[in-house]
A.B. asks: 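Can you keep this structure in mind? I'll have questions shortly.
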Amino acid sequence: MRNHTVVTKFILLGIPGTQGLQRTLLYLFSVLYLCNLLGNVLIFATIICSPRLHTPMYFFLGNLSIFDLGFSSTTAPKMLCYLSGRSRAISFQGCVAQLFFYHFLGCTECFLYTVMACDRFVAICFPLRYSVIMNHRVCSALAVGTWMSGCVHASLLTSLTFQLPYCGPNQVDYYFCDIPAVLSLACADTSLAQTVGFTNVGLLSLICFSLILVSYVRIGISISKIRSTEGKQRAFSTCSAHLAAILCVYGPIIIIYLQPDPSPLLGAIVQILNNLVTPTLNPLIYSLRNKDVKSALSSMFPKRCCSLENQ
């Protein structure tokens with residue numbers, strides 16, 4: 001940020017086309033956000049407390065739970081605040097932080113889904129060498145790499161956005177500080193920031209999606225070579241939850257950033273699906289379709305109940 005920046009706060013105008021629905025949206029989003037917090041905390045705690053889940057697959061699933069918690073918490077609290085009738089103002093520094101963490105966590109999730117697809121590829125295509133290839137050091141390096149890559153990506157976009165002067169209007173025509181909504185308020189040429197932002201986000205999503213697609217093509221070929229029906233079902237069950245999550249995540253990203261001129265209402269709906277609904281569905285997707293997680297959950301709660309009864 002430069003010293004000539006005059007704007008000290010921004011006003012979030014909210015979700016386009018939802019005037020008069022604030023109370024309904026407040027109840028709906030509050031329930032979704034609460035379910036998101038409870039579900040992801042429960043999944044993360046289950047993975048930590050259950051020794052049988054200390055494997056690469058669940059290590060990355062635990063990382064996903066952390067990212068889902070942070071990703072939804074970047075935008076949901078402020079959105080719920082102004083839907084309840086409180087101030088719509090957000091400080092300049094708060095807008096910078098919101099934009100940074102939104103793209104930091106969003107980019108990190110894209111990389112994490114790609115890493116999870118590679119993990120499933122190794123588990124199904126090289127089952128005998130899985131524990132050797134996906135050892136503790138490799139998993140830790142991949143996890144740290146996703147964090148660092150997301151940080152670099154978000155730092156680039158944030159610096160390009162807020163190195164511009166903001167000296168005029170301060171009303172952000174959106175429900176959080178995203179790049180297109182903020183850049184429209186800049187008092188200088190924004191073509192470089194718009195081009196880099198569009199290219200960076202779109203190209204990154206396309207590369208990650210392509211890597212996931214290649215991984216699952218190879219997985220499909222390997223599954224087709226399995227002779228027993230039970231073996232095919234078991235192999236497919238290990239990938240079904242990840243595939244469902246991929247559809248929920250990359251659908252909104254493609255609709256928002258790869259359309260030349262999406263309507264504001266459609267963009268907001270898709271963003272909310274990506275920011276709030278998908279992180280809420282992930283714990284359900286990975287627990288309802290996963291026998292190991294369900295078994296760990298069922299074995300964790302009776303122990304606590306028994307300990308309380310003994311006390």
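Side chains are part of it too, since the values below use all heavy atoms of this structure and drop only hydrogens, waters and symmetry mates. Sequential numbering from 1 along the given sequence is applied to the chain's residues.
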A.B. asks: Could you tell me which residues satisfy side chain to side chain donor-acceptor pair (under 3.5 Å) with N282, sequence neighbours excluded, listed by chain and number?
C.D. replies: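 By the side chain to side chain donor-acceptor pair (under 3.5 Å) rule, N282 matches D68, Y113.
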
A.B. asks: Please report whether the ring centroid of F29 lies less than 6.0 Å from that of Y33.
C.D. replies: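 Not under 6.0 Å, so no.
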
A.B. asks: Determine which pairs satisfy disulfide bond (SG atoms under 2.5 Å apart) with at least one residue from residues 54-104, sequence neighbours left out, and list them in order.
C.D. replies: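 Output for this query lists C95-C177.
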
A.B. asks: Return the orientation label for the Y166 and F162 ring planes: parallel under 30°, perpendicular over 60°, tilted otherwise.
C.D. replies: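 Taking F162 first and then Y166, their aromatic rings sit tilted (interplane angle of 30° to 60°).
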
A.B. asks: Residues two or more places apart in sequence or in another chain: which of them pass ring-ring contact (aromatic ring centres under 6.0 Å, His included) with Y130?
C.D. replies: none

A.B. asks: In the hydrophobic clustering that connects Ile, Leu, Val, Met, Phe, Trp and Tyr at side-chain heavy-atom distances below 4.5 Å, which members other than V144 occupy its cluster, ordered by chain and number?
C.D. replies: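 So far as hydrophobic clustering goes, V144 is joined with M148.
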
A.B. asks: List, by chain and number, the other hydrophobic cluster members for F111, where Ile, Leu, Val, Met, Phe, Trp and Tyr join if side-chain heavy atoms come within less than 4.5 Å, directly or indirectly.
C.D. replies: L204

A.B. asks: Which residues pass the side chain to side chain donor-acceptor pair (under 3.5 Å) test with R23, not counting sequence neighbours?
C.D. replies: none

A.B. asks: Output all residues satisfying ring-ring contact (aromatic ring centres under 6.0 Å, His included) with F126, sequence neighbours left out; order by chain, then residue number.
C.D. replies: F121

A.B. asks: Test of understanding: with ring-ring contact (aromatic ring centres under 6.0 Å, His included), list the residues that count as partners of Y175, not counting sequence neighbours.
C.D. replies: none

A.B. asks: Mind jotting down which residue pairs meet the side chain to side chain donor-acceptor pair (under 3.5 Å) criterion with at least one end in residues 206-220? Sequence neighbours excluded, please.
C.D. replies: Y216-H242

A.B. asks: So which pairs with a foot in residues 134-147 pass side chain to side chain donor-acceptor pair (under 3.5 Å), sequence neighbours left out?
C.D. replies: none

A.B. asks: Which residues satisfy the side chain to side chain donor-acceptor pair (under 3.5 Å) test with S72, sequence neighbours excluded?
C.D. replies: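 N36.
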
A.B. asks: Can the ring centres of Y174 and F176 be said to be less than 6.0 Å apart?
C.D. replies: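 Yes - the distance between ring centres of Y174 and F176 falls below the 6.0 Å cut-off.
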
A.B. asks: For S224, which residues count as a side chain to side chain donor-acceptor pair (under 3.5 Å) partner, sequence neighbours excluded?
C.D. replies: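 Counting only residues at least two positions away or on another chain, S224 forms no side chain to side chain donor-acceptor pair (under 3.5 Å).
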
